[in-house]
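Below is one structure, written out as structure tokens, with a few remarks after it.
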Amino acid sequence: MHDIRFIRENPDAFDAALKRRKLAPMAGEILKTDSDRRALQAQIQELQSRRNQASKEIGALKAKGGDADALIAEVNDIKTKMPDLETEEASLAESLESRLIELPNLLDESVPDGDDEDQNQLIRTIGDIPSFRFTPKDHVALGEGLGLMDFALGAKLAGARFVVLSGQLARLERALAAFMLDTHTGEFGYVETLPPALVNSQTMTGTGQLPKFAEDLYRTDDKWLIPTAEVPLTNIVADEITDSAVLPLRMTAYTQCFRSEAGSAGRDTRGMIRQHQFSKVEMVSITHPDQSADELERMTSCAETILQKLELPYRVLKLCSGDTGFSAQQTYDLEVWLPGQDEGRGMYREISSCSNCGPFQARRMKARFRDVETGETRFLHTLNGSGLAVGRTLIAILENGQQEDGIILLPQALHSYMGTDRLVASA
RNA sequence: GGAGAGGUGGCAGAGCGGUUGAAUGCACCGGUCUUGAAAACCGGCAAGGGCGAAAGCCCUUCGUGGGUUCAAAUCCCACCCUCUCCGCCA
């Protein structure tokens with residue numbers, strides 16, 4: 001959501017920012033609606049003021065036993081004029097609101113220009129890409145080879161883009177989640193949180209999934225399945241004036257995530273890369289505006305720590321203007337090396353995305369804090385990042401740890417969680 | 001799912017047709033006092049919006065949306081949520 005006052009004061013800057021999002025200029029149109037609405041609002045408020053005043057006079061007159069008929073007639077006259085004006089004003093307000101609520105966040109000036117993911121900016125590459133004396137398999141071959149990953153069964157029970165894990169592979173999912181949560185809570189101060197996986201429309205609107213991206217979501221009668229824990233976690237501060245002394249708020253949650261993948265038909269159809277249901281450990285930070293830039297770096301490094309402890313090679317990219325998501329001002333993607341992809345040649349795949357949304361979501365959800373200096377309320381900044389997508393981490397463990405004989409060597413950090421140092425085929 | 005009670009400012013809690021944007025207490029902020037702190041005392045303190053250079057004026061909001069009335073936190077209707085009891089259930 002955008003600040004109408006910013007648009008009033010900086011229409012050209014606003015249009016220039018839209019252009020970076022490949023959107024046509026619209027400040028002129030928005031401001032026309034805005035000024036029409038305000039003119040109407042002033043007119044309405046004048047009538048309301050007169051009505052309120054007259055009503056008080058009526059009360060005073062009647063208390064003294066006087067005759068108020070003339071005033072009552074005047075109020076009634078005002079009341080006949082009001083509905084049309086109010087309807088018109090509401091219509092303008094709604095048109096303004098619906099326009100603003102569908103526009104993406106303005107990009108941070110540090111975001112590089114670019115059309116799509118090919119133009120993201122490489123920030124750093126960490127870890128050595130493993131070399132194999134054999135052609136590495138992908139996680140599908142490995143998982144099925146272990147007898148612990150069954151896509152046909154997932155399809156039988158639910159349909160395409162579902163899988164059933166069993167035995168040590170199901171345990172690996174749990175181990176990864178526990179390891180990630182332990183690290184974020186124990187080392188980085190995030191508060192473990194278990195939020196609802198179904199939320200109402202208002203909550204979905206707060207973080208930006210609605211109204212524009214309804215088709216990407218699964219819904220029930222009156223609720224929506226969360227596509228990420230970012231949604232419930234961030235909305236915890238919605239409609240609140242948060243005490244600035246508790247900032248930054250840092251929360252982490254392990255949840256299932258549900259996505260219809262409406263726009264991805266035919267993409268990543270093999271394996272567990274893109275499922276309708278997957279689990280993720282999410283990090284959310286709520287900060288003072290002055291802290292959000294540093295917090296994004298910190299959050300990204302928290303996610304990176306997980307990859308490092310799991311001995312997984314990865315790289316960090318700064319997303320370009322064309323690839324940065326709707327609600328984000330700025331985003332770092334972490335891509336893990338998956339040696340089994342692309343016929344065993346390997347490739348990097350996204351495993352985490354860390355974004356600073358600035359005041360964009362906070363304004364949508366009215367998440368504020370009180371500025372100690374001025375006494376005024378201001379919008380918070382919100383950040384979210386995956387730390388990490390558990391399914392894709394499991395894939396990475398399999399593909400990077402594979403041996404020629406089909407067993408998987410596990411990273412040291414997981415040994416205690418798994419009760420073993422390796423995965424072997426089930427009997 | 002059924003029955004009852006209730007949803008008021010950061011919190012607690014009055015008000016139940018007019019002068020109430022809302023008593024009182026707590027919290028918070030400023031001041032007096034104090035070596036300092038506490039206590040006590042004095043004062044301030046809802047949010048959002050419009051107009052205005054500013055001072056300030058005005059509008060809206062007492063769960064949400066309608067309705068009655070010259071006038072609604074107060075009356076009526078619907079919905080949402082919370083609590084208690086019953087039923088069902090992990």
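Labels below follow one simple rule: chain letters A, B, ... track the order of the sequence lines, proteins then strands, and each chain is numbered from 1.
The gap from the P atom of B/G50 to that of B/A23 amounts to 27 Å, rounded to the nearest Å. Rounded to whole Å, the separation between the P atoms of B/G2 and B/U68 comes to 30 Å. Here, B/U19 and B/A71 have their P atoms 14 Å apart, quoted to the whole Å. Rounded to whole Å, the C1' atom of B/U24 lies 13 Å from the corresponding atom of B/G9. Straight-line distance between the P atoms of B/C79 and B/C26: roughly 41 Å, to the nearest whole Å. Rounded to the nearest Å, the gap between the C1' atom of B/C88 and that of B/C80 is 23 Å. When the C1' atom is used for both B/G13 and B/A73, the distance is 14 Å, rounded to whole Å. Nucleotides B/G65 and B/C70 are separated by 23 Å at their P atoms, to the nearest Å.
At distances below 3.5 Å, at least one donor-acceptor pair connects side-chain atoms of A/Thr220 with backbone N or O atoms of A/Lys223. A donor-acceptor pair under 3.5 Å is absent between the side-chain atoms of A/Thr382 and the main chain of A/Ala362, judged by distance alone.
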Check: protein-nucleotides 55-59 of chain B nitrogen or oxygen pairs below 3.5 Å:
unit_1 : atom_1 : unit_2  : atom_2 : d
B/C58  : O3'    : A/Ser49 : OG     : 3.2
B/C59  : OP1    : A/Asn52 : ND2    : 3.1
B/C59  : O3'    : A/Gln48 : OE1    : 3.1
B/C59  : O2'    : A/Gln48 : OE1    : 2.7

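A residue-by-residue look at A/Val75 and A/Asp34 shows that A/Asp34 has its nearest nucleotide of RNA chain B further toward the 5' end. Nucleotides of RNA chain B nearest to A/Arg370 and A/Gly59 differ in position, and the one nearer the 5' end is that of A/Gly59.
For the segment residues 79-88 of chain A, the set of residues with a heavy atom within less than 4.0 Å of an atom of RNA chain B comprises A/Lys79, in numerical order.
A donor-acceptor pair shorter than 3.5 Å can be found between the side chains of A/Gln361 and A/Glu230. Under the 3.5 Å distance criterion, with hydrogens and angles disregarded, a donor-acceptor pair is assigned to the side chains of A/Ser292 and A/His381.
Of the candidate nucleotides B/C51, B/G18, B/G49, B/C51 has the atom nearest to the side chain of A/Arg38. In the set B/G50, B/C70, B/A47, the nucleotide with an atom closest to the side chain of A/Arg8 is B/G50. In this structure, of B/C70, B/G50, B/G49, it is B/C70 that holds the atom nearest to the side chain of A/Asn76.
Aromatic ring centres of A/Phe258 and A/His276 lie farther apart than the 6.0 Å criterion allows.
A straight line from CD of A/Gln43 to C1' of B/G49 spans 17 Å, rounded to a whole angstrom. B/G49 atom P lies 9 Å from atom NZ of A/Lys366, rounded to whole Å. Distance A/Glu74 CD to B/A71 P: 13 Å, rounded to the nearest Å. Summarising the geometry, the separation between CG on A/Asp221 and P on B/G1 is reported as 11 Å, rounded to the nearest angstrom. A straight line from CG of A/Asp243 to C1' of B/C29 spans 13 Å, rounded to a whole angstrom. Rounded to an integer number of Å, the gap from A/Phe369 CZ to B/C28 C1' is 17 Å. The CD1 atom of A/Ile72 sits 16 Å away from the P atom of B/U68 (whole-angstrom rounding). Residue A/Ile241 contributes atom CD1, which lies 10 Å from atom C1' of B/G9 at whole-angstrom precision.
With sequence neighbours excluded, the residues that form a salt bridge (Lys or Arg N to Asp or Glu O under 4.0 Å) with A/Asp34 are A/Arg8, A/Arg38. Qualifying salt bridge (Lys or Arg N to Asp or Glu O under 4.0 Å) partners for A/Lys156, counting only residues two or more places apart in sequence or in other chains: none. Partners of A/Arg368 by salt bridge (Lys or Arg N to Asp or Glu O under 4.0 Å), not counting sequence neighbours: none found.
Here the straight-line distance linking atom CD1 of A/Ile273 with atom OG of A/Ser264 works out to 13.0 Å at 0.5 Å rounding. To the nearest 0.5 angstrom, A/Ile226 atom CD1 is 14.5 Å from A/Trp224 atom CH2. Here the CG atom belonging to A/Leu334 is positioned 10.0 Å from the OG atom belonging to A/Ser301, to the nearest 0.5 angstrom.
When heavy atoms are screened at a 4.0 angstrom cut-off, A/Arg37 is found touching no nucleic acid atom at all. Using a 4.0 Å heavy-atom cutoff across all strands shown, A/Leu71 reaches no nucleic acid atom at all.
Within the 4.0 Å cut-off from OP1 or OP2 of B/G18, not a single side-chain nitrogen or oxygen of A/Ser55 is found.
Contact check on A/Glu295 versus A/Arg250 returns a salt bridge, with a Lys/Arg side-chain nitrogen under 4.0 Å from an Asp/Glu carboxylate oxygen.
Put simply, the residue from A/Asp15, A/Asp113, A/Asp115, A/Asp108 that forms a salt bridge (charged side-chain N to carboxylate O under 4.0 Å, His left out) with A/Arg20 is A/Asp113.
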Query raised in the report: Which dot-bracket string describes RNA chain B (Watson-Crick N1-N3 plus N6-O4 or O6-N4, or G-U N1-O2 and O6-N3, all under 3.5 Å; [ ] crossing; | other strand)?
Result: ((((((((.[[[..)..(.....]]].(((((.......))))).((((((....)))))).[[[[[..)....]]]]])))))))....
